Protein chains: 2
Amino acid sequence: MANKKNNITFSDIAKYTNFSKTTISRYFNHPETLTEQNRNIIAEALEKLNYKENKVAKILANGCTEFIGIIIPNLYVRYYSEILNQILSTYEAFGYKFLVFISNGSKEDERTYLQELLAYKIEGLIILSHTLPSIELANLHLPLVAVEREDVYISSVNSDNYQGTILACENLSSHDCEVFLHISAPTTRTTPAYKRVEAFDDYCEKHQLLHHTFMEEMGASHEEVKSHLTHILEQIELNYSGIRKGIFISGDTYANVFLNLLIRKYGYLPNDYFLIAFDDSPISREAIIPISSVSQQIDKIAFEAVELLISQIQAQKERPAFCEPVHKIISPVLIPRETTEKN
Amino acid sequence: MANKKNNITFSDIAKYTNFSKTTISRYFNHPETLTEQNRNIIAEALEKLNYKENKVAKILANGCTEFIGIIIPNLYVRYYSEILNQILSTYEAFGYKFLVFISNGSKEDERTYLQELLAYKIEGLIILSHTLPSIELANLHLPLVAVEREDVYISSVNSDNYQGTILACENLSSHDCEVFLHISAPTTRTTPAYKRVEAFDDYCEKHQLLHHTFMEEMGASHEEVKSHLTHILEQIELNYSGIRKGIFISGDTYANVFLNLLIRKYGYLPNDYFLIAFDDSPISREAIIPISSVSQQIDKIAFEAVELLISQIQAQKERPAFCEPVHKIISPVLIPRETTEKN
DNA sequence: TTGTACGCGTTATCAC
DNA sequence: GTGATAACGCGTACAA
């Protein structure tokens with residue numbers, strides 16, 4: 001009944017039921033073409049012989065792996081772990097399985113991951129790492145969606161960094177801030193986050209507001225970040241003392257550190273400080289004083305990314321032609337909290 | 001040269017080089033059995049025809065998927081995202097690929113994930129979710145390693161929760177705390193974290209210390225946690241005012257909330273409060289006052305889990321007999337920070 | 001050292 | 001409705 005490897009196959013079921021392998025296959029893929037009686041016979045046999053399906057064989061025969069590859073920089077940054085969380089959760093909706101690689105920033109390694117993913121015949125790729133240029137990725141001729149990274153030659157889903165920044169500025173305006181400050185790590189022009197820099201400047205210049213941007217490399221460790229922000233805080237206290245400061249910090253990990261520095265200095269958040277962060281990761285809500293933040297709606301980004309990818313997978317199956325990159329934008333939402341809405 | 005699907009296979013390479021498919025296969029799997037000259041010829045052909053390997057076919061032929069399945073509760077909790085991070089990173093060391101499912105706590109769904117994983121012929125499973133009892137998992141007769149969950153019938157890797165708690169208590173002792181308090185969410189006897197409760201009680205009773213355990217359901221949201229801890233803090237202030245309090249909080253997310261409550265009340269950490277948390281996730285270091293914490297050495301746990309799983313996979317290949325469950329314990333390390341080491 | 005022939009477990013294309 | 005038969009792409013006895 002079972003072969004040496006103790007693996008029940010269609011052949012075994014076929015022998016047992018006196019049908020052919022074809023009929024067993026149809027039982028799974030086109031059950032409506034069988035009589036109910038025969039369906040029952042097969043169902044019983046499957047049960048009795050304890051049949052387990054083998055998708056590897058299925059893939060080889062019909063070419064559909066239902067695999068999507070993911071290359072993500074790390075899971076240490078909240079944004080990434082949450083977006084992976086949301087992407088993996090789309091299994092319920094779409095049924096695609098995910099092969100996940102963590103990229104450590106080495107191009108060499110990342111190319112290895114790509115080869116491995118291609119070898120497993122992934123149907124599409126979601127890429128969050130920013131190591132390889134999009135032109136190289138486009139040359140894979142594989143359905144592909146980038147999330148929050150350079151996306152000149154490939155499809156992508158991003159949050160509207162420009163609009164989100166405007167929301168933050170408008171909130172700071174509504175609190176009559178007298179100087180607008182932007183704290184950010186350096187970004188390059190092709191990066192989605194660069195839009196935050198642009199938007200901040202645009203807004204301040206349009207409304208003729210006193211403003212300044214602190215843009216510097218913050219370092220990788222918490223201690224480095226803390227020391228950089230300590231220095232920035234000193235400058236702010238020196239140059240803008242006594243006036244209402246609206247501070248927009250790109251990234252709420254930084255914002256949390258900055259807030260903690262203020263609290264350790266004063267024991268409370270001084271009245272002339274108004275803080276808004278970006279991302280709205282849990283730390284914003286859990287900070288000692290809950291931090292106002294621009295939420296990226298990560299669940300939507302993830303869902304749209306998978307949906308867009310699948311639509312491209314299907315498009316390519318029908319006509320394997322070149323697809324124009326599609327760029328989707330998700331609107332962010334301002335979550336006002338205590339660092340701006342004081343009472 | 002290429003077939004209709006534009007897929008180069010061994011056949012194509014064979015025709016092109018006038019070797020047989022077998023020789024091409026050997027080029028990859030036993031290159032030493034070819035002359036260097038022929039190897040070069042084949043290498044050139046592979047290059048010229050742009051051959052891409054197909055691991056799906058390979059799997060079907062030799063049965064080795066190099067897939068490991070992972071079922072993890074979520075990536076919202078830092079411990080899980082970090083352990084997934086570390087597990088995925090073992091690709092460098094072992095080459096196994098990971099199929100990841102997020103379990104939402106439904107048994108039904110989890111069984112679906114298991115079936116899916118089995119259909120893809122995973123060679124082993126790492127399970128962190130605690131939805132299904134280990135007896136059911138053991139019945140899969142699949143190499144299996146549990147991490148930080150009930151593990152009566154299956155192999156596991158856990159941190160030494162008992163020893164970690166003792167380390168915490170010893171530190172609090174060294175600061176001459178007069179009352180020992182333990183704040184924890186409820187745990188059940190078969191859960192690894194239950195050992196923290198036991199160890200705390202054992203230590204306090206052995207040393208005849210005044211002690212109390214606050215064990216209550218904290219709720220899922222930050223706001224709920226905050227409200228529970230506010231209440232606990234009130235009780236502590238009421239019952240133990242004026243004496244040195246050593247507080248052991250199981251989980252540094254809770255510890256951070258508790259610390260923030262103290263700082264918002266006093267503007268600083270009062271001298272009679274000594275705090276130690278468990279887990280040492282980034283929040284411990286990044287809290288407004290860095291929190292002393294018992295580190296679980298997640299990197300080691302992840303590595304040992306994968307290593308143990310692979311050893312079981314190999315053992316089963318050699319003699320597919322029943323394997324006694326193996327339980328590995330990783331020693332935690334106390335990371336002293338400002339909430340205990342005051343100056 | 002190299003080639004032949006068959007197997008892995010399923011799907012697809014025809015016939016019947 | 002059902003059944004042969006040939007793919008799918010690679011590995012491996014066994015033979016040469």
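Protein chains get the first letters and strands the later ones, always in sequence-line order, with residue 1 at the start of each. Just so it is clear, the values below take in all heavy atoms, side chains as well, and ignore hydrogens, waters and symmetry mates. Keep in mind the model is a prediction, meaning the values are calculated, not measured.
Closest contact between the side chain of B:Phe10 and the listed nucleotides C:dT1, D:dG11, D:dT5 involves D:dG11. Considering only the side chain of A:Arg26, D:dT2 comes nearest among C:dT10, D:dC10, D:dT2. Of the listed nucleotides (D:dG1, D:dC10, C:dT11), C:dT11 has the atom at the smallest distance from the side chain of A:Asn62. Residue A:Leu60 has its side chain nearest to D:dC8 when only C:dT4, D:dC10, D:dC8 are considered. The side chain of B:Lys58 sits closest to D:dG11 out of D:dG11, C:dG9, D:dG1. With D:dT2, D:dG9, D:dG11 as the candidates, the nucleotide lying closest to the side chain of B:Asn54 is D:dG9. Side-chain proximity of B:Ala61 to C:dC8, D:dG3, C:dG3: nearest is C:dC8.
Between A:Lys15 atom NZ and D:dG3 atom P the separation is 15 Å, expressed in whole Å. When rounded to the nearest whole Å, the span between CZ of B:Phe28 and P of D:dG11 equals 8 Å. Rounded to a whole Å, the CG atom of A:Asp12 is 13 Å from the C1' atom of C:dT10. Taking atom CD1 of A:Ile24 as the reference point, atom P of C:dA12 lies 16 Å away to the nearest angstrom. Atom NZ of A:Lys121 and atom P of C:dT10 are 21 Å apart (whole Å). Going from atom CG of A:Asn29 over to atom P of C:dT13 covers 13 Å, rounded to whole Å. A straight line from CD1 of B:Ile41 to P of C:dT1 spans 15 Å, rounded to a whole angstrom. Here the P atom of nucleotide D:dC8 and the CD1 atom of B:Ile8 are 13 Å apart, to the nearest Å.
When heavy atoms are screened at a 4.0 angstrom cut-off, B:Ile59 is found touching no nucleic acid atom at all. Nucleic acid contact class of B:Thr35 (heavy atoms, under 4.0 Å, all strands): sugar-phosphate only. Residue contacts for A:Tyr51: at a heavy-atom cut-off of 4.0 Å it reaches the sugar-phosphate backbone alone, with no base atom in range. The residue B:Phe19 sits close only to the backbone: its heavy atoms come under 4.0 Å of sugar-phosphate atoms, none of a base.
Between B:Gln296 and B:Ile330 the shortest side-chain heavy-atom distance does not fall below 4.5 Å. Side chains of B:Pro73 and B:Leu128 form a contact here, defined as non-hydrogen atoms less than 4.5 Å apart.
Not a single donor-acceptor contact under 3.5 angstrom links the side-chain atoms of A:Thr33 to the base of D:dT2. At a cut-off of 3.5 angstrom, counting only N and O atoms as typed in the model, there is no donor on one side facing an acceptor on the other between the side-chain of A:Ser25 and the base of C:dA12. The base of C:dT10 is paired with the side chain of A:Lys21 by a donor and an acceptor separated by under 3.5 Å.
Remark: side-chain polar atoms of A:Asn74 are paired, donor with acceptor, to backbone N or O of A:Val77 under 3.5 angstrom.
In this structure, A:Tyr91 and B:Phe101 have perpendicular ring planes: the angle between them is above 60°, well past the 30° mark. Aromatic ring orientation, B:Phe28 versus B:Phe10: parallel (interplanar angle below 30°, classes split at 30° and 60°).
A:Glu92 meets the side chain to side chain donor-acceptor pair (under 3.5 Å) test with B:Tyr113; sequence neighbours excluded.
Contact annotation: B:Ser20 reaches the phosphate of C:dG3 (side-chain N/O to OP1 or OP2, under 4.0 Å).
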